Amino acid sequence: MPGSREARRLAAGVAVAVFCVLCVLAARGAHRPWIPSAPAYRQRGLPDAKAVVVVFSDFQCPACATAVETLKRLESLYGDGLRVLYKHRPWEKFHPSALSAARAAECAGRQGKFWELHDHLYQNQSEWAHGDKADEFLARYARSIGLEPEAYARCLQDPAVTAAIRADMREADERWINSTPTFFINGRRFVGGRQLRIAGTAEIERRLGR
Amino acid sequence: MIPPPAPIPGPSYRIWAGVAGRWIVGSVFFFSGLSKAAAPAQEFAAVLEGYYLLPDGMIPFMSRAFPWAELLLGAYLLAGLCTRACSIALGAMLLCFEGALGIALSKGVPLDNCGCFGQSLHLKPWQAMTLDALLLALCWLAYRGGNGAWSLDRWVESAGRGPGAGGAR
């Protein structure tokens, strides 16, 4: 056992610091390799694009609606160099209509119109996201983009649709996604539209060799 | 010649209040630092960005360093090592939090969640300010009497006194 006060203080200090590092490592857990995937209707861009952007988003989250514009600007700027994959992360606790919106988007996707409804939901978020008439608005949007009503209604009742969304949510939890929107550009994380706009743009340019 | 008076031990309630203060403040900071240090740094960076207080260049460094500072200071306080220095440092941090929340609220910055505990616990700004005020008071108690019972400081100070001189209880 160390004798002097300084030696004891140093030993105790190092022991506490090591304990903290071990706690953080244990909390982080083992990082499993992650190959992001999404159904084809939730992907945009060429399969061999050099920059792959995976978006975890919630249709009812205001920050996500703002970030959509940033992402669109990047897509128009970098064109074929960019591929976008959409993953659902509805925060049911804070956004009670987010899961319904995600289901509607999935059903639009089954009819090949995921991105149309995606854009519609974010553009009109202030209309449907507040109040208790979200389902009415969602049905109206589905009609307005020309979804086949019977197939759409059947799809909303399909448990596989909710299961697909829940699978994305589990994936988000495993990737430690604490807020939306969260973007991964070739595996590197950017949280929020601001990080995407500043550091994300630099990352895309680096990937594209510009 | 009059001999100097023998030191009068503090009342026991002060010591136990100090230990309680040390454990509560230490646990809160340890938990808060751990939940942020274990999460990706970009998560906390996004929280800091939301306050609009720090220059952009400082955010990446702060988002990595700050959770570790909270974690280590919390752990040291919990263990009772360098108790007084840790109490002062954590008290100063709490004052900074109060200031940051106050400035953000006065500027009308929309903060749904203070971001104090990562994803583990969501507090509204007024809840965070109340908690910080309470912790500040407990920091004072920890400063006054936290290095007494059940502290590593006591074990450190007992070095060289020989057996029976008193160690960590």
Side-chain angles (χ1 to χ4, degrees), chain A residues 1-29 31 56 61-63 66-67 89 91 93-95 172-173 175-185 187-200 202-203, chain B residues 26 29-31 33-50 52 56-57 59-60 63 67-82 85-86 110 112-113 115 117-120 122 151-163 167-168:
Chain A
M1 182 179 288
S4 75
R5 289 179 186 182
E6 287 69 28
R8 280 193 179 192
R9 200 180 299 281
L10 184 66
V14 170
V16 173
V18 168
F19 173 74
C20 287
V21 172
L22 292 176
C23 284
V24 170
L25 292 177
R28 279 184 186 165
H31 262 286
F56 280 88
C61 127
T66 312
R89 194 8 173 149
W91 299 99
K93 189 175 164 191
F94 309 108
H95 301 145
D173 289 342
R175 302 312 303 170
W176 213 306
I177 285 158
N178 292 342
S179 53
T180 47
T182 292
F183 304 89
F184 289 89
I185 301 175
R188 266 196 75 186
R189 178 189 302 253
F190 301 89
V191 181
R194 190 176 148 130
Q195 286 184 18
L196 176 70
R197 197 174 61 247
I198 301 167
E203 177 67 17
Chain B
F29 272 90
F30 180 79
F31 174 64
L34 181 64
S35 63
K36 286 183 293 216
Q42 293 89 340
E43 294 287 345
F44 188 50
V47 170
L48 293 178
E49 284 164 3
Y52 297 98
D56 284 351
I59 288 177
S63 65
W68 279 97
E70 282 186 298
L71 175 67
L72 288 169
L73 287 171
Y76 282 135
L77 192 67
L78 200 54
L81 186 66
C82 306
C86 288
D112 286 338
N113 167 25
F117 294 94
Q119 180 61 13
S120 329
H122 284 197
S151 74
L152 283 175
D153 277 340
R154 203 179 157 100
W155 175 68
V156 168
E157 292 303 320
S158 72
R161 284 189 207 159

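Values below: all heavy atoms of this structure, side chains included; hydrogens, waters and symmetry mates excluded. Predicted model only: the values in this text are computed from it and were never measured. Here is the naming used below: chain letters follow the sequence lines, and residue numbers restart at 1 for every chain.
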Side chain / backbone / both / neither for B:A41 at chain A, heavy atoms under 4.5 Å:
neither
If we only count heavy atoms from C-beta on, is the B:Q42 to A:T182 side-chain gap below 4.5 Å?
no
Student check: side-chain heavy atoms of A:R194 and B:D56 closer than 4.5 Å:
yes
Restricting to non-hydrogen atoms, name the atom on B:A38 and the atom on A:A27 that form the minimum distance, rounded to 0.1 Å.
CB-CB, 3.6 Å
B:E43 and A:S179 have their tightest heavy-atom pair at OE1-OG, 3.3 Å
State, to 0.1 Å, how close B:A39 and A:N178 come at their nearest heavy-atom pair, and which atoms those are.
CB-ND2, 4.0 Å
If I compare all heavy atoms of A:A17 with all of B:L72, which pair ends up nearest, and what's the gap?
CA-CD2, 3.9 Å
B:L71, part contacting chain A, at a heavy-atom distance under 4.5 Å
both
Using every non-hydrogen atom in the two residues, find where A:V191 and B:A46 come nearest and quote the distance to one decimal.
CG1-CB, 3.5 Å
Show your working on side-chain contact (heavy atoms from CB on, under 4.5 Å) between B:L152 and A:R9 and close with a plain yes or no.
CA-CA 8 Å; B:L152 283 175; A:R9 200 180 299 281; over 6 Å; no
Output yes when a side-chain donor or acceptor of A:R28 lies under 3.5 Å from a complementary backbone atom of B:A37, and no otherwise.
yes
Show the nearest heavy-atom pair for residues B:F30 and A:C20, with the distance to one decimal.
CE1-SG, 4.1 Å
